[in-house]
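Take a look at the structure below.
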Amino acid sequence: MTDVLREVFDEDLDAIEIGAAILGTGGGGNPYIGKLRCREELKKGRKIPVIPLSELPDDALVVSLGGIGAPVVGVEKIEEGQECLRALHALEKELDVKVDALISAEIGGANSMEPMLTAAQAGLPVVDGDGMGRAFPEMQMCTWSIYGHREAPGAMADEKGNIVVIRETPNDVWLERIARSVVVAMGAAAGLATQPMKGDFVKRAAVPNTITQALNLGRAVLNAHATNADPVQTVINQERGKLLMTAKITDLQRHLKGGFAVGHINLDGFGKFNGETGRIDLQNEFLVFWHNGNVEVCTPDLIVVLDSDTGLPITTEMLRYGQRVAVLGLPAHPLMRSPEALTVVGPAAFGYTDITFNPMEDKL
Amino acid sequence: MKSIKTINRSDMTDIALGGAFLGTGGGGDPYIGRLMAEQAIDNYGPVQVRDVEALSDDALIIPVCMMGAPTVMLEKLPRGDEAINALRSLEAVLGRKADALFCIEAGGLNSTIPIAVAATAGLPIVDGDGMGRAFPELQMVSMTMFDIHACPMAMADEKGNALVLNTVDNLSTEKFARVITVEMGGAGLIALYPMTGAEAKKSILRGSLSLISNIGQIITYEQSANRNPADKLASELNGVRLFEGRITDVERRTEGGFARGQATIQGLEAYKGRSMKLNFQNEFLLAEDDKGKPLAMTPDLICLLDLETGQPITTETMGYGYRVIVFGLPCDPKWRSKHGLELVGPKYFGYEADYKPIEEIY
């Protein structure tokens, strides 16, 4: 473990990229482009200061921001780099306020990098924490919303210079619905900044220290590569996770539906799982894992698919027939397992009304 | 043509009728807007109509209107305060109150909605509009030809959603507003094209409220004299009777937030033995004879009237068996410029035909 994280440097970015991609549970988009953008900013002499959650002043104004859209599109339509900055400025103008710090809505995937990138561009610090401790496909699925923060107004910006400010909505689900239709018109990728939060709320609601978590996780994987240790086991040890299956992908169905990547993969076990079958459903992220026909791990616990040799995460848009993978389960943060959280991010929220969430530790 | 100075409750019937006529089949049925305007005038008093020249160059003029598919508007009625919410939203963004309201589209529902808002807000309304008829998309206004930006634009719906758009051009505004409208349930209220008095003086089409009021009066008068208003309208408005017949087929679909389709009409009386097709996208855009030769096309106006009563018929209400007169009118000369035809000519809507003014076809 490192000391308290105060600043993100160039040499940390590769590790954060790996850690964030693992925590993305297949979704949240690829952090690679965001990493390169961050690196460019650091080369220009800009900095990415980090505030530990515990040191955040109670009255600080914190804005949660990130990219919104379909991860498969993010691979082809590369962000221009200032989408989130423009969204932040539009929000500041709408509310006539100055923001004190930024925070990631989701540490998993590309949105680990976006607040760091915008922080460097805007000269603001980024808070060590996030609103999910993983990735989820919809905006109201973050702790801000779950624990009572209203997301409106929200500002969206695309790479062309279009800006849409959603000033009022009856609830956060409507904000999500409207933002989702706007993002499709924006070409399925855009930056989004939502209503600032007070520091004392962020301290209560944020999943803590997740930049540090992603950094340490990525460092452990890189270290395993360097020392020829088993990277899959390293991830399991680092995150107190469980190996669910080693398997080959025998079927892959994935399509774009309403701005989401939706589908499933079928798995045939190998190694000590020889003869066993698995299935994973996805909606941008991996949501449910069935082992021999029974639900073994489901949202909000994390289902992670790693390349079985390198231990590097495979995102839903990179899945291919025939890939040999290790499927891991990682426990979600307690903030994501509370009854109020489960109504928003539990299996029923994704249409699995017949599946009841049980913490993965209970079953395994 | 008499110009209208004040809109009282009693004027609303004629305005709605004239608005339906200039709607060229689209823009929604002005009836709901008429009821809203009558109610607002009852509650807040009549609406003053201003000639644009009477406004100072730095006056702030804001058009308000409804956006969406007319087929939806028939079933999803406004709650009532959405348009005011959109107006207030836009004023908040601009940091300034509107001095006058404006009707973006003289045809259809949007001929009457701004009057309801003007009465409620206690603001005058400018005698003019941005189309001289109805068109399906929001960049299709004369202001676009004068580089006036649709943004900032405010949108509101009956559920309490409110948005502000700032886009790179007016076509993008349309694209964004359209998907948001679909998400709002197919219809929303909007305030957009905030402009100064000086900008309005050079860009708007003038006298439109007076025109629709006069058209309404002609239709009412001719109906009361048991005459079909088509002849009088033709002589007063320089229009052409294109066809008479019975609707034998209507193919209609709501797609991408629009009511799109085609109607087939079999000729009656002098037109017996012939048929024609009417293509529409919210509005009637192209009339063709049975050999596919254009009879009239956008931006010229194609209006459908009931053969007996002369009552305007909208695309969403027309049905099999209706006996109709197809009526053509020349559009405002501004639309016949190169820029105008790029915005609203037949090619923009995906029709092959090269634009030919209706006077040259007949």
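For clarity, every value in this text was computed on a predicted model and none was experimentally measured. Chain A is the first sequence line, chain B the second, and so forth, proteins listed ahead of strands; every chain is numbered from 1.
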Residue selection (most heavy-atom pairs with chain A, distance under 4.5 Å) from Met155(B), Lys159(B), Met153(B), Lys175(B): Lys159(B)

Most contacts with chain A, counted as non-hydrogen pairs under 4.5 angstrom, among Ser89(B), Pro152(B), Cys151(B): Ser89(B)

Set of residues satisfying side chain to side chain contact (heavy atoms under 4.5 Å, CB included) with respect to Lys44(A), sequence neighbours excluded: Glu41(A), Arg46(A)

Test side chain to side chain contact (heavy atoms under 4.5 Å, CB included) applied to Cys65(B) - qualifying residues, sequence neighbours left out: Ile104(B), Asn110(B), Ile190(B), Leu192(B)

Part of residues 160-169 of chain B lying next to chain A, heavy-atom separation under 4.5 Å: Gly160(B), Asn161(B), Ala162(B), Leu163(B), Val164(B), Leu165(B), Asn166(B), Thr167(B), Val168(B)

Residues from residues 92-99 of chain B approaching chain A under 4.5 Å (heavy atoms): Ala92(B), Val93(B)

Part of Asn171(A) lying under 4.5 Å from any heavy atom of chain B: neither

Heavy atoms from other residues, nucleotides or ligands near CG of Asn43(B) exceed 12 (cutoff 6.0 Å): yes

NZ/Lys198(A): more than 12 non-hydrogen atoms of other groups inside 6.0 Å: no

Least distance between heavy atoms, Phe176(B) atom then Asp158(A) atom: CZ-OD2, 3.8 Å

Minimal non-hydrogen separation, Ala185(A) against Val179(B), with atom names: CB-CG2, 3.6 Å

Top contributor to chain B contacts, counting heavy-atom pairs under 4.5 Å, from Met156(A), Glu94(A), Lys160(A), Met186(A): Met186(A)

